[in-house]
Structures are given as C-alpha cells and as structure tokens.
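Each ligand, and each atom within it, is numbered from 1 in the order the structure gives. Please read these numbers as outputs of a predicted model, since none were measured by experiment.
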Amino acid sequence: MSTGSGRFIVLEGIDGSGTTTQASRLAASLREAGHAVVSTREPSDGPIGVVLRQALKRRLVGLSDRVLALLFAADRLDHLASVVEPALAEGKVVISDRYVLSSMAYQGMRMPLAWVEALNAAARPADLTLYLDVDARTAARRRHGRGGSEELFDADEVQRAVARAYGRVVRKHARSQRVVRVDGRATADEVAKEILATVRTVLQRRGRK
Ligand code: TYD
C-alpha cells in the first residue's frame, strides 16, 4: 500500500458494463458490513471533472483528443489529492467508478498509449481494479434500454473499439493495477455477489498485515 491504511478499489468497463450500478451496490454492502466507505467517480465532481462532463455531453465542443487526455489526467491528480488520498489516510475504503484504465482505453485509442501512460504515471495504482467484462452488444442493449442522450463515446462502433482497447490495457496493466476480471454479463445480483466475494478477500488480507 502506498498511502495510509485504507483500500482503493476501482471499477472499470465499457459504457453499459455496469460500473456505476456495481460501484453503488458494493459501497452499500460494505457499509452494511461496517466499513467506512467513500464513493467517488471519474470524471470527478471537482472543477476539471465538471468541465469534462460538459465535454462528454457535447455541451462543450472543440476540445481536441490531446486536450481531453490532459484534462482527464489533471482531473485524476486533483481527485486523488482532494478526495482519494485523504480518505485512504483515514483508513477508509474508497470506491471509484473508473480510474486510469479508462484513460488508457479511451484516450489510448486516439492518442499514443505510451503518452497517455506517461501522463498518468503520477497517479497511485489501485489496490484492486474490478474489470466488468461485457461484450459490446450486451452493453449497447443496456445503454439503449436506459435511454438518455448519446454521449461522446456512446456510438456502437466506438464501443467495440473501446472493448478491444480495454482488452489490451487490462492485460498490460493487470499486475500494476491489480486487475480482477468479472463476467459482467450475468445478472446485476450475480455480478454484485462475485464482486463482494473478491473485495472481501482483499479486505481480509489487510487485516492479516
Ligand atoms: P460514465 O462513467 O458512463 O458516466 P455517466 O454514467 O455519468 O455517463 O461516463 C464517463 C465517460 O468518460 C465514459 O464514456 C468514459 C469516459 N472517460 C474517458 O474517456 N477517460 C477517462 O479517463 C475517464 C475517467 C472516463
């Protein structure tokens, strides 16, 4: 562990893979079990994250892929300093909906991966990254089912490319980001159960240290 005594748990996956649902279910289960939990997300709710959400909703246009990659990395460092690290230092469990692998998958598709990795080199690794593995078709069905306006990376062909990009970066960073792959095609209850079992093992490990 590089900071404090808490645990930093991240959920990753393509749009429609269920990261938001599963992050909130995991937080609820851990709270019920008596853990102090901080739920958070990237783009964050800080100043740079707010700008990024505008760009994702196309309310803010004209930012190049290069600038977006820089903003995602800047938001991450701000999020770490203002939310994640303080909570970890207090011994809390921090659950983040998305983190560095999102940048490597999404921004790494459009910009050189080595550059995106370099931008994110200062961001501490996650103690556990749960990768919700879902094929692009299943994820598209879920996205279309939940309605809402289409975001920047929502188009189905983009999501197929994102799924391939995640496959690559998950393999490459499996060890450094402590990635555990979860079959995200099962029902929300089944996925939640598998995630909780994995997280319990990681939290118990802390107890033995
Ligand atoms: P998402 O997590 O689905 O949030 P919401 O439910 O509010 O739409 O959307 C975040 C989008 O941002 C998603 O398409 C992935 C993208 N993203 C990046 O491209 N790079 C990053 O570093 C992060 C954190 C997210």
Side-chain angles (χ1 to χ4, degrees), residues 8-27 39-61 63-80 82-84 94-113 115-126 129-132 134 136 138-170 173 177 179 184 188:
F8 186 27
I9 300 171
V10 169
L11 283 99
E12 293 276 6
I14 64 175
D15 297 81
S17 62
T19 60
T20 305
T21 305
Q22 294 299 336
S24 80
R25 291 184 67 142
L26 175 62
S39 294
T40 188
R41 62 177 184 172
E42 289 191 1
S44 77
D45 295 309
I48 305 162
V50 168
V51 170
L52 279 165
R53 288 191 183 275
Q54 296 292 311
L56 288 167
K57 294 202 178 324
R58 299 179 208 264
R59 289 196 196 117
L60 175 67
V61 292
L63 296 178
S64 65
D65 289 331
R66 183 187 304 271
V67 169
L68 281 175
L70 288 163
L71 287 175
F72 277 115
D75 179 46
R76 184 156 299 127
L77 294 185
D78 180 46
H79 180 223
L80 278 171
S82 59
V83 177
V84 179
V94 179
I95 300 173
S96 184
D97 183 356
R98 301 189 174 281
Y99 191 54
V100 285
L101 292 186
S102 283
S103 281
M104 292 179 192
Y106 289 80
Q107 280 63 59
M109 286 188 311
R110 302 200 174 165
M111 300 300 298
L113 181 59
W115 179 69
V116 178
E117 287 169 339
L119 287 184
N120 284 281
R124 77 188 294 291
T129 301
L130 295 150
Y131 174 57
L132 303 188
V134 165
T138 305
R141 226 178 14 246
R142 289 183 184 166
R143 287 199 310 282
H144 298 155
R146 88 185 160 210
S149 57
E150 191 159 272
E151 289 197 349
L152 201 57
F153 299 112
D154 268 2
D156 292 353
E157 70 276 16
V158 175
Q159 287 301 313
R160 280 196 291 278
V162 176
R164 282 195 298 275
Y166 258 120
R168 281 192 295 273
V169 301
V170 159
H173 294 277
Q177 298 295 333
V179 181

Run through all N or O atoms in ligand 1 and write down each protein N or O closer than 3.5 Å, as a pair with its distance.
unit_1   : atom_1 : unit_2 : atom_2 : d
ligand 1 : 2 (O)  : Arg98  : NE     : 2.8
ligand 1 : 7 (O)  : Arg53  : NH1    : 3.0
ligand 1 : 8 (O)  : Glu151 : OE1    : 3.2
ligand 1 : 8 (O)  : Glu151 : OE2    : 3.3
ligand 1 : 14 (O) : Asp15  : OD1    : 3.3
ligand 1 : 14 (O) : Asp15  : OD2    : 2.8
ligand 1 : 19 (O) : Gln107 : OE1    : 3.4
ligand 1 : 19 (O) : Gln107 : NE2    : 3.0
ligand 1 : 20 (N) : Gln107 : OE1    : 2.7
ligand 1 : 22 (O) : Arg76  : NH2    : 2.9
ligand 1 : 22 (O) : Ser103 : N      : 3.3
ligand 1 : 22 (O) : Ser103 : OG     : 2.6

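- Counting heavy atoms from C-beta on, the side chains of His144 and Asp156 come closer than 4.5 Å.
- Under the side-chain contact (heavy atoms from CB on, under 4.5 Å) test applied with Thr40, the options Asp45, Val94, Ile95, Asp97 reduce to a single match, Val94.
- The aromatic ring centroids of Phe8 and Tyr99 lie less than 6.0 Å from each other.
- The number of heavy-atom neighbours closer than 6.0 Å to CZ of Arg66, taken from other residues, nucleotides and ligands shown, is 12 or below.
- No donor-acceptor distance shorter than 3.5 angstrom exists from the side chain of Arg98 to the backbone of Val10, with no hydrogens or angles considered.
- Listed by chain and residue number, nothing satisfies the salt bridge (Lys or Arg N to Asp or Glu O under 4.0 Å) test with Arg142 (two or more places apart in sequence, or in another chain).
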